[in-house]
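Right, one structure below, let's go through it.
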Amino acid sequence: MMSSKLTAEYVRSLIERGKRLDGRKLDEFREIKINYGVSEKAEGSAEVMIGNTRVVAGVKMDIGEPYPDMPNKGVLVTSAEFLAMAAPEFEPGLPGENAIELARVVDRGVRESGAIDLEKLCLVEGEKVWVVFLDIFVLNHDGNLIDAAGIAAIAALLNAKLPKITEDYEIVRDELTDPLPIKDIPIPITIRKYGEHLLLDTTALEEDVLTGKFTVTTKINGNICAMQLSDGMSMTKDEVLQAARMARDAATKIREKLFKDKLKELKKA
Amino acid sequence: MMSSKLTAEYVRSLIERGKRLDGRKLDEFREIKINYGVSEKAEGSAEVMIGNTRVVAGVKMDIGEPYPDMPNKGVLVTSAEFLAMAAPEFEPGLPGENAIELARVVDRGVRESGAIDLEKLCLVEGEKVWVVFLDIFVLNHDGNLIDAAGIAAIAALLNAKLPKITEDYEIVRDELTDPLPIKDIPIPITIRKYGEHLLLDTTALEEDVLTGKFTVTTKINGNICAMQLSDGMSMTKDEVLQAARMARDAATKIREKLFKDKLKELKKA
Amino acid sequence: MMSSKLTAEYVRSLIERGKRLDGRKLDEFREIKINYGVSEKAEGSAEVMIGNTRVVAGVKMDIGEPYPDMPNKGVLVTSAEFLAMAAPEFEPGLPGENAIELARVVDRGVRESGAIDLEKLCLVEGEKVWVVFLDIFVLNHDGNLIDAAGIAAIAALLNAKLPKITEDYEIVRDELTDPLPIKDIPIPITIRKYGEHLLLDTTALEEDVLTGKFTVTTKINGNICAMQLSDGMSMTKDEVLQAARMARDAATKIREKLFKDKLKELKKA
Amino acid sequence: MPKKKSEESKSNNKGAVRPDGRKVDELRPVKMEVGVIERANGSAYVEFGKTKVVAAVYGPEPMHPRHLADPEKAVLICRYNMLPFSVEDRKKPGPDRRSIEISKVIKDALSTIVALEEFPKCMISVDMVVLQADAGTRVAALTAASLALADAGIPMREMMSAVACGRANGKIVVDLTKEEEDAEDAVDVPVAMSSLTKKIALLQMDGDMTLEEFEEILNKAEEACSKIYDMQREALLNKYEKEGKEVNINDE
Amino acid sequence: MPKKKSEESKSNNKGAVRPDGRKVDELRPVKMEVGVIERANGSAYVEFGKTKVVAAVYGPEPMHPRHLADPEKAVLICRYNMLPFSVEDRKKPGPDRRSIEISKVIKDALSTIVALEEFPKCMISVDMVVLQADAGTRVAALTAASLALADAGIPMREMMSAVACGRANGKIVVDLTKEEEDAEDAVDVPVAMSSLTKKIALLQMDGDMTLEEFEEILNKAEEACSKIYDMQREALLNKYEKEGKEVNINDE
Amino acid sequence: MPKKKSEESKSNNKGAVRPDGRKVDELRPVKMEVGVIERANGSAYVEFGKTKVVAAVYGPEPMHPRHLADPEKAVLICRYNMLPFSVEDRKKPGPDRRSIEISKVIKDALSTIVALEEFPKCMISVDMVVLQADAGTRVAALTAASLALADAGIPMREMMSAVACGRANGKIVVDLTKEEEDAEDAVDVPVAMSSLTKKIALLQMDGDMTLEEFEEILNKAEEACSKIYDMQREALLNKYEKEGKEVNINDE
């Protein structure tokens, strides 16, 4: 989104006064909506909208071999693509470095938080395990893609059920059984910066004006399970710590709002 | 083939009077020649010339796994390439959309007509079947490539023999046994259009002047087994039906002329 | 290395008088240095410097299937890459034709000389054999890359040890056992030409001025085991034979200097 | 393969002509919405039963890379893609031979109605994404693409509507489901027809049929395309009414 | 997996705080050398323990392909690659998703200190090759890249030093080995810090830690980066002394 | 591997020096035809026994992509390819490392005789396709390419003829078959020689031979190339006679 120099200056001057074009506070999110089950062919799927940003994530399950060094664990494979339709600046073709980064940051959040109970996905130790394919697609880009993708990812995983398998470990695709075992709800929150001001949930227009981003993924217990500073931003140690706290607090709010029931269930257990 | 505007207009004005540059009638084919066995290393091969158009097709047989949903059938894999040598406008590299389309149209004709008795190519149900690799190469492009490719394909299949296999299902490449079991002779016929005039067997020069094509593949019994309208041509329902009849009739003639013996044998059975 | 026309002429005029920019004779090599074991993670590795040319080669061993026509022999897989860092004219990306040629010439030298006793790398005939991955990287290009790569390759092979394997043919990576069985020391020597003058061990600057190269790889017994004439040079029969003799003699010297101990051991056996 | 509960009960539905209870010339429930991708110049969402497709249009904009520009007309670029989780067995992301062919025939069909000659040296891009696939994805995609082009205000001589007709379980039917496509005797004929001149611009076929059956299929397809066209008009009008914009359907 | 002899004996080393006998805030033996690739405009070799990296810089030179040039500043291109034999299991040559991500974050970090605005329409390329990997390859590569840029005389506002800190076996430690990274409770936090303004420009994380632990890790990383910076200065001075050149470190 | 009947009977042929009955310096039956690909500027078909190759030439034409043009001479592009069904085990279509190397050495060889300097900024493309392979495909391809270039009227200082010589079953022989190439003691030396100055422009080797054997091989190759050159001349004359064109072989 190529903003004019004038717009850019206006956006920046607003931020300096703690304000934003759409009237939000600097640390305020746009409305987040989730549609579960957008593809019945997926074992689980969810569409997440943050404002006009629109991301869809789907889960397909297959049976495969475990990694040699984790013979008793299922395998998670995460991919992401910025569809050419999502913004005029997106090119068709293989995922570029931004889509790869997004997929890997989301993947680390899910993986390191232990969100999926991978040990329960082992069928025959060292031989047969469930492989969870988590595919993320950006349909419309209006900023804050990592957060939208991360929320879509965990929503799709929460929506996912294991297909039935026969005694010979053949998958019966259209008979779903138990839900995918989920143990945590990692939420990535991305912070951007202008001067000393930290912003959450930036729009595409704001991202065009600001440089760099810092993503912090936190677990239910407030622990950090993934971080990524990139796109040419540098921060002081104090800014980093402040941002991490902001991220934890914003994640807590989003978790309460969007995943209330699962949160209760997990806190009880 | 970049024809001058003058040539283009002349070709068009001829067609309007039901004539063509090379003196043929609108629905008349050029001479078709077949050389069988152009590669002895292939299990079957044929070179087809329609006028100056020159296409070679070859069959290689391998042993592989069947598709899970067709455990008792052999597998057909068709590819096509427009060699860079075949025309100045052809670029080297991976097959483009035109070559892919040609391969898929020829493949559908062979597949849907049941030309190959795929059930006879099953060795061990669900485990081992013959895989038929049908590879098509355009050596010189003077128009009507799909028809030439389709005729080369069925000719190569008719020329093919199964290699001997050992008890352990190892292939003995240079000992050929029975012919590949063939049950039909699908012939694709491509129609082009100028105004209300329908043409068969266009040359590269004619194709440069006309837009779009419609291919209809028919079986021995006259049934249609594949169709493809493309390249930016639209037709009325009546034109489509007329074209389908033309294609059926032309295919019948070609079959009689080129595959007389096999045709008799199949009609008897 | 884009040399000015003036430099080029000067280099040529020197050669005509049997001289070179750096004071060497036409058939004189620069100093050759070898560092063994540059990567402890490799089963064998070596860095070779000829003057400022710097090449690193590494050996990784895996267990795989033999080629069907050589069921009782291990497999050698050689690759080479001209790293973008090695010269301003090198582009990043897949190996180009020059890197592929280098890899294949080095590979043929190793293979045809019988340097690796591939029969000793058979674990279960027709099923499990050692696969030797020989990967070569050019770190800095100051000419004579094939010779440097060939010396690095045989040095890395001489440095290599087989990892331990369990009874189930699982590799225990960090326990090395016997040395890789080596039976010969092939050395490729590349000759370049100006007029009737033949040069050995050319620098990047000299190669920029001269056209074409002829590589002859010889074994300990002086036999030729690989040759490659390329890059647009043609030679009379006599020149070719003279070059082959030069290559044999230069290889003998290099072998004596760099691989003295192994040479003794092999000559004894 | 065992059927899902819902489908089993439907196929027990006595008197029903087709596995899902439809009549031979009955379309599946259709849903259309225009303007679903904000960043695009035009976009549309189309559901044919369980088949769900999104299409979005960018352009006209200067062609890049420039050496591929056509000095006489805009280059139309169509990309049809299935999401990995839109089908039973995960599809590897990215184009394959099937999607390249489908993209081509959709492009060929649309190029007969889009006024490309008005934009020399430009490109117009149409991206189509299948979210969920239950047969008929190419015709749903083409129907959505046509809507998205209209939504983007790209001048078109007429609209285009598409549907797959064919034979299943002994009957000539419109808008086949995957279950019908898998019938022993299935014939699948995707057809696209323009709204005013009723010209066929996409026509493919899989199966084995007589010329007589083909004629019947074409007749049914024509009828079905008319119905779909009515729904396309309505979807466009809906959007323009919401937005208070003037309607801009070139063929009216 | 069985350990090598040398490591076994080390881990028997009584009183040792870490498997290799280091204290929690002790770096592995570091070796740095500038000017190792003659053809490049600048280059450096860095060893952090058994991790060995070479970096080389070309440019500034006119951007090619030209249409990717930025009219306002130089384009910084970073390529991080592992040699196939730098790791236990042979790595297929060429970039993969991991190396693309690492190349990106290294580029993003360096772009905060390199004066790219001085060279519009140009490119500056940084190639990093891992010869041997024992954890911390991206921070060693970034440290080497920063040296190579200085060696190439590319104007930089300050230097950049990088190290991985984290948790292993219950302790917050600096410069983790592969063995420590494989600990049950391992947390890995690669950090890059600029030499003058002490700004963090690369920060990633794998694992599970509290905010308090994170603060402790950052403090240890700051200290370690200072030590690495001193070694970088020394390596540059060494080369310039040898060559009798004037020193050209922009932040002094 | 069991032999085909025809070959078995031949190898029973008493007194025969080689498996197929040829003498050591006897070529396989050679067939050459010029002008087989109508759309190309020049083309040729060559058979060496069961090895069958087609070559076609386009150009000189302006180099594209333009940034790869050489301001001082034409760029020569050679592409050698085997059809999937030209060999026993199906070869995947498209270039592989072997075909890239062969394309390169053929290009390198031809560039010593083609007057590239007459066409700055242009390209000349030579496509070679192996229809059936029974050893010696690269030398057959180069022989065909040389014919096709002459047929296209590309100025050449001399013609080029190529053959593989070597050792099989204890004898130095010319024009090896696949069966001979597979002999225990096989040495394969593809050689290309120019027609006038008798310069060697392609020379490769697989196997293990003494310098003395090499000299004998080169002598046999020279003789064989002369014979092949005579056949090339004849093939060109045949075509020009048919067409009534003037003969245009630069080295006469």
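First the proteins, then the strands, lettered A, B, ... as listed; each starts at 1.
Heavy-atom contacts from other residues, nucleotides or ligands closer than 6.0 Å to CD of D:Glu118 number more than 12. Crowding of A:Leu94 atom CG: a count of heavy atoms from other residues, nucleotides or ligands under 6.0 Å not exceeding 12. The neighbour count for A:Tyr36 OH, taken as heavy atoms of other residues, nucleotides or ligands under 6.0 Å away, is above 12. Counted within 6.0 Å of CD on A:Glu28, heavy atoms from surrounding residues, nucleotides or ligands total more than 12; the atom is thus considered enclosed. For A:Lys164, the NZ atom counts as loosely surrounded, since its 6.0 Å shell holds 12 or fewer non-hydrogen atoms of other residues, nucleotides or ligands.
For A:Lys60 (side chain) and D:Lys91 (main-chain N/O), no donor-acceptor pair under 3.5 Å exists by modelled atom type.
With chain D as the partner, the residue from A:Gly93, A:Ala86, A:Pro95 showing the most heavy-atom pairs under 4.5 Å is A:Ala86. Between chain D and the residues A:Glu91, A:Met61, A:Glu43, A:Glu47, the largest count of heavy-atom pairs under 4.5 Å involves A:Glu91. For the set D:Pro95, D:Gly94, D:Ser125, D:Pro84, the entry with the most heavy-atom pairs within less than 4.5 Å of chain A is D:Pro84.
Both the backbone and the side chain of D:Arg90 come within contact range of chain A, each with at least one heavy atom under 4.5 Å from a heavy atom of that chain. Proximity to chain A (any heavy atom under 4.5 Å) is shown, for D:Val129, by both the backbone and the side chain. Neither the backbone nor the side chain of A:Ile171 comes within contact range of chain D; no heavy atom of the residue lies under 4.5 Å from a heavy atom of that chain.
A distance of 8.5 Å separates CE of A:Met85 from CE of D:Met128, quoted to the nearest 0.5 Å. Annotation: the span from A:His141 atom NE2 to D:Glu38 atom CD amounts to 13.0 Å, rounded to 0.5 Å.
Shortest non-hydrogen contact noted between A:Lys41 and D:Ala133 is CE-O, 3.0 Å. Nearest heavy atom pair, residue A:Ser39 against residue D:Gln132, reads CA-OE1, 3.1 Å. Residues D:Pro93 and A:Glu81 approach most closely at CB-OE1, 3.8 Å, considering heavy atoms.
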Please test D:Phe85 against A:Phe137 for side chain to side chain contact (heavy atoms under 4.5 Å, CB included), starting from the C-alpha separation and ending with a verdict. CA-CA 11 Å; D:Phe85 46 81; A:Phe137 291 86; 4.0 Å; yes

Between D:Asp89 and A:Arg173, is the side chain to side chain contact (heavy atoms under 4.5 Å, CB included) condition met? List the steps. CA-CA 8 Å; D:Asp89 291 309; A:Arg173 280 274 169 226; 3.2 Å; yes

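Side-chain atoms of D:Arg39 and A:Arg54, non-hydrogen and from C-beta on, never get closer than 4.5 Å to each other.
Salt bridge D:Lys52/A:Glu40: absent, no basic N to carboxylate O contact under 4.0 Å.
Looking at D:Leu83, D:Val36, D:Ile37 one by one, the single match for side-chain contact (heavy atoms from CB on, under 4.5 Å) with A:Leu139 turns out to be D:Ile37.
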